[in-house]
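Shown next, in structure tokens, is the structure this report addresses.
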Amino acid sequence: VGFWLGSMAGEDLQLDEERVLQRMMQDGTLDALRRRAMQELEASGALRALVDQALQGSEQLQKGKQSGWKVDHTFSQVLKEVDESIMRQISDQVWQLLSQDQPLGEEVRESVDRALVDEIRARHGLAK
């Protein structure tokens, strides 16, 4: 599977997503987008709400309070219990930010477009 961009000088331009993704990782684009998404979740309060909801429903937290567990043990048990759920919900929230017509979604599309163009130029030995 790849990006189909037509042809240039008779050559098919089928680009491998992995090469485009590598380019975005190497130039720091993915890190910047990931950081921005987390900042937007934090600023909107969605991140805190997800964590609060998970903690309120945590059986391990209640058990730790009732059993007098040490804080580090309680934290470890709660983390095991809620980590996967929280990460899945955060992933869903980030996906919504990326796929909607919001500034971050537009930034992702522009970043992918730039990476595609850079990859085409690199394949053909063209300067930026």
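Just so it is clear, the structure is predicted and the values come from calculations on it, not from any experiment.
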- Message: Starting from Val71 and following side-chain heavy-atom contacts under 4.5 Å between hydrophobic residues (I, L, V, M, F, W, Y), which residues can be reached?
- Response: none
- Excluding sequence neighbours, so at least two apart, what forms salt bridge (charged side-chain N to carboxylate O under 4.0 Å, His left out) with Glu81? none
- Item | Connected-component partners of Trp69 among ILVMFWY, side-chain separation under 4.5 Å | none
- Message: Return the OG1 to CZ distance between Thr29 and Arg34, rounded to the nearest 0.5 Å.
- Response: 11.0 Å
- Lys80 and Gln77, any side-chain heavy atoms less than 4.5 Å apart: yes
- Query: About how many Å separate CD of Gln39 and CG of Leu104, when rounded to the nearest 0.5 Å?
  - Reply: 10.0 Å
- Roughly how far, to the nearest 0.5 Å, is the CD atom of Gln60 from the OG1 atom of Thr74? 9.0 Å
- Task: Could you list the residues that satisfy side chain to side chain donor-acceptor pair (under 3.5 Å) with Ser85, not counting sequence neighbours?
- Result: Gln89
- Task: Indicate, with yes or no, if Leu79 and Met87 share a hydrophobic cluster defined by side-chain heavy-atom contacts under 4.5 Å among Ile, Leu, Val, Met, Phe, Trp and Tyr.
- Result: no
- To the nearest 0.5 Å, atom CD of Gln22 lies from atom CD of Gln26 at 5.5 Å
- Note on the structure: In this structure, CZ of Arg35 is separated from CG of Leu33 (nearest 0.5 Å) by 9.0 Å
- Task: Mind running side-chain contact (heavy atoms from CB on, under 4.5 Å) on Ile90 and Met38 for me, showing each step along the way?
- Result: CA-CA 9 Å; Ile90 289 172; Met38 293 307 291; 4.0 Å; yes
- Ignoring hydrogens and angles, tell me if any N or O in the side chain of Ser67 forms a donor-acceptor pair with the backbone of Gly64 under 3.5 Å. no
- Task: For Glu42, look at atom CD and say whether over 12 heavy atoms of other residues, nucleotides or ligands are found less than 6.0 Å away.
- Result: no
- Note: Leu41 and Val94 closest approach over all heavy atoms is CD1-CG2, 3.6 Å
- Query: For Leu30 and Leu21, what are the C-alpha separation, side-chain angles and deciding distance, and is it a side-chain contact (heavy atoms from CB on, under 4.5 Å)?
  - Reply: CA-CA 8 Å; Leu30 283 182; Leu21 183 60; 3.2 Å; yes
- What's the shortest heavy-atom distance between Val20 and Ala115, and which atoms? CG1-CB, 3.7 Å
- What is the distance from atom CG of Leu116 to atom CZ of Arg121, rounded to the nearest 0.5 Å? 12.0 Å
- Please name all residues satisfying salt bridge (charged side-chain N to carboxylate O under 4.0 Å, His left out) with Arg19, sequence neighbours left out, ordered by chain then number. Glu119
- Less than 4.0 Å between a side-chain N and a carboxylate O, is that true for Glu84 and Arg88? yes
Give the table of side-chain donor-acceptor pairs shorter than 3.5 Å for residues 48-57, with sequence neighbours excluded, one pair per line with atom names and distance.
none

